[in-house]
Amino acid sequence: MRRPLRIGNASGFYGDRFDAVREMLTGGGLDVLTADHLAELTMLILGRDRLKDPGLGYSRTFLRQMEEGLGLAHDRGVRIVTNAGGLNPAGLADALRALARRLGLPDVRVAHVEGDQLPVPDGALTANAYLGGAGITACLRAGADVVVTGRVTDAALVSGPAAWWFGWGPEEYDRLAGAVVAGHVLECGTQATGGNYAFFTRHDVRRPGFPVAELHEDGSAVITKHDGTGGVVDTGTVTAQLLYETAGARYAGPDVTARLDTVRLDPDGPDRVRISGVRGEEPPPTLKAGLTRLGGWRNEVVFVLTGLDVEAKARLVREQLEDALTVRPAEVRWELARTDRPDAGTEETASALLRLVVRDADPDAVGRAVSGAAVELALGSYPGFHITAPPGKGAPYGVFEAVYVDPGTVTHTAVLPDGERLVVPAPVRTRPLDPVPRPPLPDPLPDGPVRRAPLGLVAGARSGDKGGDANIGVWAPTDEAWRWLAHALTADRLRALLPETDGLPVERHVLPNLRALNFTVTGLLGEGVAAQARFDPQAKALGEWLRARHLDIPEALL
């Protein structure tokens, strides 16, 4: 039996902490270091980069990190796996080879994975399938020190190296599923070690360290971090990340579908959580792909309304600006945020914000025609008129769309260090993503006195985005709190607590092993994060809003 694979992650997004690569390579022993740079918004950013220069389309930040990191990894025998190749993995691989020569490291072997790029439909900017980890596995088996990919699933950065390390075959579903779950915990970096954590006040999370997984041959894993780094790893931080940007019990990927309802979490010592029991199934018959396109142009003006008569001031300036627009944009949205307080001690806390957002296919319709009209009201509108920023000309916004394609139409290719091109076959066996049977709920708590209080006193939450949909994972830290939560927080109750979800499809998924509920809200985010259709376009704080809402909670839990 081979020793466990020790794999760490140094990036959760394009723009994450720059010195994390050095921290991870020098802070403790690793076999593999990953760096996740891609997200739905990132593909749009890289697509726009490539419009300016066809030689770009990859993460230039990662290349700068490798100025130091490549030598450190080489000296320590650490393999590097990253999806920073984006839309141009071959270009980044070539740049890394040139960097290795310049650094006096000619024996560093670089490979890359391609084949995710699909024919781009008319009007789209990028079209990429989400590949699995098998191409990464092939590159590592061929001796690669660095593997660069384009659009693979985030978890593939871990499952691919795990299959290489342990020699797993493509149908060892339970083991692959365990690695996928570990990869999902690692993929967002410090979100697994106390970052963005509901109960952050209980720990020192000023500078959380990046996560490490010790993967075992049976697919189980221990999540931890380097000794001496900040933050915390406990069952709560791992649960929060497991629920992030997921939906039901079946967590589908191109290599395997992991059953989140089988995951078991157990403490394994300070800053160590063991993941075990993960079951896997055949992957779905279709492959997810993402399309991005430029959706048009947007602009916004934020008016500051101070003191008395806030509603009347908002009504006045809205009527004035609507009358002043010679060409009405295709979409005009007003939102009044009542951030003001009565008898406030500072001018800022006496002020509310009226936000105007406009969109149109024509940049002229949302540019100076809107912001200029707003500024022209400065001396003839409500008392105390001012806005938060000078007039702007508007900016393009993007749209993300998820589609599904036949895996046979994608040529998943590992380009090995010697230049050989190895085509990765599509899965032989697949399984539709049918809903799992509803699990039984725990016995409810006995009747007793209740108190009106915030949900967050007894439950944690983490939320995120998938295209235009949002998810909110809610978990209970104790068995008693779970007995209450499982019955109290229904889909209808969630709609009542979060009125913005009213009228939208809300689906509740029950995960008893995690003492968790996962809600998906379809359509809350419009056309996705790049479209900026909502105040919180990625639903990052949706869970915290839910935790701040009041409901009747048993006093025994408070």
Side-chain angles (χ1 to χ4, degrees), residues 9 12-13 16-17 20 23 185-212 223-245 265-273 337 339 341 345-346 348-349 450-464 470-485 488-489 494 497-498 511 514-519 535-536 538-558:
N9 180 29
F13 67 100
D16 208 343
R17 207 161 80 206
E23 178 182 302
V185 174
L186 261 60
E187 69 185 49
C188 289
T190 54
Q191 280 198 167
T193 57
N196 299 353
Y197 184 46
F199 301 115
F200 72 99
T201 58
R202 301 176 184 177
H203 310 282
D204 183 355
V205 294
R206 288 172 294 178
R207 187 179 169 86
F210 279 72
V212 174
I223 305 299
T224 184
K225 60 188 182 68
H226 284 332
D227 291 341
T229 57
V232 61
V233 177
D234 64 17
T235 55
T237 66
V238 175
T239 297
Q241 179 55 29
L242 278 174
L243 296 173
Y244 181 64
E245 294 182 345
L265 301 181
D266 295 288
D268 194 58
D271 290 317
R272 292 175 63 85
V273 172
T339 53
R341 304 175 193 169
T346 65
E348 186 172 1
T349 57
V450 297
R451 188 195 318 161
R452 198 78 176 168
L455 174 64
L457 295 183
V458 296
R462 178 166 287 164
S463 54
N471 98 287
I472 314 169
V474 186
W475 78 94
T478 66
D479 289 338
E480 291 74 18
W482 170 237
R483 290 174 62 188
W484 171 78
L485 182 72
L489 193 57
L494 182 125
L497 293 172
L498 305 182
L511 300 170
L514 300 177
R515 296 194 295 243
L517 305 171
N518 205 359
F519 296 88
F535 166 69
D536 174 16
Q538 288 182 284
K540 296 292 189 182
L542 194 62
E544 287 301 292
W545 178 27
L546 177 64
R547 293 182 70 238
R549 297 291 281 160
H550 289 220
L551 66 169
D552 292 334
I553 299 174
E555 287 189 352
L557 300 179
L558 296 172

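Across N471 and Y244, no two heavy atoms sit closer than the pair OD1-C, 4.1 Å. In terms of heavy atoms, A240 sits closest to W475 at CB-CH2, 3.6 Å. The nearest pair of heavy atoms linking G543 to A461 is O-CB, 3.8 Å. Closest approach of A192 and P211 over heavy atoms only: CB-CB, 4.2 Å. In this structure, L558 and V458 approach most closely via the heavy-atom pair CD2-CG1, 3.9 Å. Across A198 and G460, no two heavy atoms sit closer than the pair CB-CA, 3.9 Å.
Counted within 6.0 Å of CZ on F535, heavy atoms from surrounding residues, nucleotides or ligands total 12 or fewer; the atom is thus considered open.
The ring pair (Phe, Tyr, Trp, His ring centres under 6.0 Å) check on F199 picks up Y197, with sequence neighbours excluded. Residues forming a side-chain contact (heavy atoms from CB on, under 4.5 Å) with S463 (at least two apart in sequence, or on another chain): I472, L542. Evaluation of the salt bridge (charged side-chain N to carboxylate O under 4.0 Å, His left out) rule for R272 yields E214, D268 as partners, not counting sequence neighbours. Shown here are the salt bridge (charged side-chain N to carboxylate O under 4.0 Å, His left out) partners of R483, two or more places apart in sequence or in another chain: there are none. Partners of T349 according to the side chain to side chain donor-acceptor pair (under 3.5 Å) rule, which considers only residues two or more places apart in sequence or in another chain, are T346. With sequence neighbours left out, the salt bridge (charged side-chain N to carboxylate O under 4.0 Å, His left out) criterion links R341 to no other residue. Contacts of V273 classified as side-chain contact (heavy atoms from CB on, under 4.5 Å), with partners at least two apart in sequence or in another chain: V233, T235, V238, L265. Not counting sequence neighbours, the partners of E555 by the side-chain contact (heavy atoms from CB on, under 4.5 Å) test are P449, R451. Annotation: side-chain contact (heavy atoms from CB on, under 4.5 Å) contacts of D266 (sequence neighbours excluded): R264, S276. Residues passing the salt bridge (charged side-chain N to carboxylate O under 4.0 Å, His left out) test with R462: none are found, sequence neighbours excluded. By the side chain to side chain donor-acceptor pair (under 3.5 Å) test, N196 pairs with Q191, sequence neighbours left out.
Interatomic distance, L497 CG to L551 CG, rounded to the nearest 0.5 Å: 6.0 Å. Considering CZ of R207 and OG1 of T229, their distance stands at 10.0 Å, rounded to 0.5 Å. Atom CG of L498 is separated from atom CZ of R549 by 7.0 Å, given to the nearest 0.5 angstrom.
Contact annotation: the side chain of L517 approaches that of W482 to within less than 4.5 Å [non-hydrogen atoms, C-beta and beyond]. When side chains are defined from C-beta on, I223 does not count as touching V212, because their heavy atoms never get closer than 4.5 Å.
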How far apart are the C-alpha atoms of F210 and T193, what are their side-chain angles, what is the distance that settles it, and do they pass the side-chain contact (heavy atoms from CB on, under 4.5 Å) test? CA-CA 7 Å; F210 279 72; T193 57; over 6 Å; no
Before you tell me yes or no, could you show the steps for L243 and V474 under side-chain contact (heavy atoms from CB on, under 4.5 Å), namely the whole-Å CA-CA distance, both residues' side-chain angles and the distance that decides it to 0.1 Å? CA-CA 8 Å; L243 296 173; V474 186; over 6 Å; no
E23 vs H226, test: side-chain contact (heavy atoms from CB on, under 4.5 Å). Steps then yes/no. CA-CA 9 Å; E23 178 182 302; H226 284 332; 5.7 Å; no
Using side-chain contact (heavy atoms from CB on, under 4.5 Å), reason through W484 and L489 one step at a time and then give a plain yes or no. CA-CA 8 Å; W484 171 78; L489 193 57; over 6 Å; no
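Judged by distance alone, with hydrogens and angles left aside, the side-chain atoms of R547 form a donor-acceptor pair with the main-chain N or O of A459 at under 3.5 Å. Distance alone, capped at 3.5 Å, places no donor-acceptor pair between the D552 side chain and the V450 backbone. For N518 (side chain) and L511 (main-chain N/O), no donor-acceptor pair under 3.5 Å exists by modelled atom type.
When the options T478, D479, T239 are evaluated for a side-chain hydrogen bond (donor to acceptor under 3.5 Å, both in side chains) with R515, the one that passes is D479.
Among residue pairs with one or both ends in residues 225-242, those qualifying as salt bridge (Lys or Arg N to Asp or Glu O under 4.0 Å) are K225-D271; sequence neighbours excluded.
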